[in-house]
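Because the structure is predicted, anything quoted here is derived from the model rather than measured. When a ligand or atom number is given, it counts from 1 through the structure's own listing order.
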Amino acid sequence: MTIASSLPVTRDACVARDKADPLRALRERFDLPPGVIYLDGNSLGARPKAALQRVQDVVTREWGNDLIKSWNTAGWFDMPKRLGNRLAPLIGALAGEVAVTDTTSLNLFKALAAALHLQANGPGRERRTIVTERSNFPTDIYMAEGLAQWLERGYRVRLVDSIEELPGAVDEDCAVLMLTHVNYRTGYQHDMALLTRHAHAQGALAVWDLAHSAGAVPLDLHAAQADFAVGCTYKYLNGGPGAPAFIWVPRRHQERFAHPLTGWWSHAKPFAMSHGFSPCDGIGRALCGTQPVVSLALVECGLEVFEETSMAAIREKSLALTDLFIELVEATCAGHPLGLVTPREHARRGSQASFTHPHGYAVMQALIERGVIGDYREPEIMRFGFTPLYTRFADVWDAVAILKDILDSKAYDVALERGAVT
Ligand SMILES: *Cc1c(COP(=O)(O)O)cnc(C)c1O
């Protein structure tokens with residue numbers, strides 16, 4: 001396939017850039033199917049090669065041979081905390097502040113409940129609103145609304161329609177500002193430190209969802225003075241389908257961290273089997289019940305890869321990849337009704353680039369047919385995630401060439417039925 005020679009870069013230049021890429025060797029740590037350009041690591045990260053050996057070991061040796069002894073001998077019981085400590089440096093957290101457990105939805109519920117509890121037992125006891133964006137990932141809003149309703153104390157979720165309106169919505173009635181740091185559709189990245197400072201100045205607490213940030217952009221929760229945070233491990237952290245999520249509770253809040261999901265894993269003495277709940281100290285308070293050990297074990301294979309590089313190096317390549325993609329799409333597909341919805345400003349951009357197209361769903365299906373896997377989000381948004389650990393500059397060039405070909409030849413079927421998962 002050829003693209004006009006007036007382009008900002010040639011394919012050869014992209015190949016040369018890949019040769020000089022300091023992260024080049026890390027692609028070898030992943031098993032990617034041949035002929036596929038995978039631009040959906042923001043939804044389900046690719047498989048680390050090590051995962052196969054690890055799952056075999058967990059299933060045959062730890063489970064099959066060592067049976068129940070493995071809770072102790074293979075460290076199953078401690079895994080949520082051990083993995084949390086390994087994840088901590090990626091988000092600017094300290095050891096003993098992160099647990100890998102449950103789902104993002106559940107962890108958000110716990111964090112939000114804990115934040116409301118802190119407010120209800122302090123100077124913020126009259127505050128009743130949880131402020132978030134209408135454009136937030138729906139489960140975050142559903143969980144907040146569910147919690148607010150079930151508490152039956154007059155709590156409500158206030159949905160804000162634009163970023164400009166956010167600061168004003170954090171008023172004297174706001175108990176918690178609950179935001180997703182990088183928007184799943186547009187890739188817009190909030191200024192965490194600025195908004196957290198604003199929330200605190202107004203007497204509110206700040207809870208952050210890092211689902212599209214962890215492993216994608218550098219994070220420093222302590223520098224931002226955030227109150228609580230949660231996030232996914234199956235997206236940019238490559239933990240595997242349905243891998244347990246994480247929750248961060250800074251030391252300064254741990255002693256007063258309380259939520260209603262008081263399962264036995266957060267009990268001070270779970271095996272005393274005693275009557276009455278008495279919470280343990282530390283991040284263990286964020287746990288609830290028995291964890292999916294096989295799935296949890298795979299999270300480690302994803303985290304290991306990050307220890308061979310830095311978030312600064314990942315960020316530098318991520319911005320270069322998204323810049324290149326945006327530049328090439330705009331240069332080659334200029335005649336088509338595409339609209340960039342991702343910020344051009346680096347500081348405001350996550351690790352994705354999203355374009356609207358009136359037939360976005362059909363165009364994305366045609367791309368997937370031709371081996372370029374991105375995804376589609378309502379309304380009209382084609383979303384392309386860029387994972388610097390395994391995405392090459394030449395992949396970007398090839399993906400845009402295929403996109404241009406599909407658009408020019410109208411090789412997409414506008415009458416396509418949607419699958420259950422888009
Ligand atoms: C992906 C994502 C989730 C997913 O939540 P689960 O409980 O894992 O299904 C939640 N929130 C945001 C912002 C996400 O991007």
Nearest heavy atoms of N107 and F246, plus distance in Å: ND2-O, 3.3 Å
F277 ring center within less than 6.0 Å of W264 ring center: no
Atom 5 (O) of ligand 1: the protein heavy-atom neighbour that sits closest, reported with distance to 0.1 Å: T104 CB, 3.6 Å
For H212, atoms of ligand 1 separated by under 4.0 Å from a heavy atom: 15 (O)
R285 charged N/C atom sitting above F257 aromatic ring, 6.0 Å / 45°: no
Proximal ligand 1 atoms for T103, defined as those under 4.0 Å from one of its heavy atoms: 7 (O)
Basic-acidic side-chain contact under 4.0 Å: D395, R27: yes
Atom indices of ligand 1 within 4.0 angstrom of A211 heavy atoms, with elements: 2 (C), 12 (C), 13 (C), 14 (C), 15 (O)
V55 and V294, any side-chain heavy atoms less than 4.5 Å apart: yes
Proximity flag A245 to ligand 1, non-hydrogen atoms under 4.0 Å: no
Nearest protein heavy atom with distance in Å, relative to atom 3 (C) of ligand 1: K235 NZ, 3.6 Å
Under 3.5 Å donor-acceptor, K317 side chain and P388 backbone: yes
Mutual orientation of the aromatic rings belonging to F325 and F384 [parallel < 30°, tilted 30-60°, perpendicular > 60°]: tilted
Close-contact set for ligand 1 against Y234 heavy atoms, below 4.0 Å: 1 (C), 4 (C), 5 (O), 6 (P), 8 (O), 9 (O)
Heavy-atom nearest neighbour in the protein, as seen from atom 7 (O) of ligand 1, with distance rounded to 0.1 Å: S105 OG, 2.6 Å
Ligand-residue contact atoms, ligand 1 with T180, heavy atoms, under 4.0 Å: 13 (C)
The one among D140, V182, D102, N136 that brings a heavy atom closest to atom 11 (N) of ligand 1: D140
Region of S43 that comes within reach of ligand 1 [heavy atoms, distance under 4.0 Å]: neither
Parallel, tilted or perpendicular, as decided by the 30° and 60° cut-offs, for the rings of H359 and H357: tilted
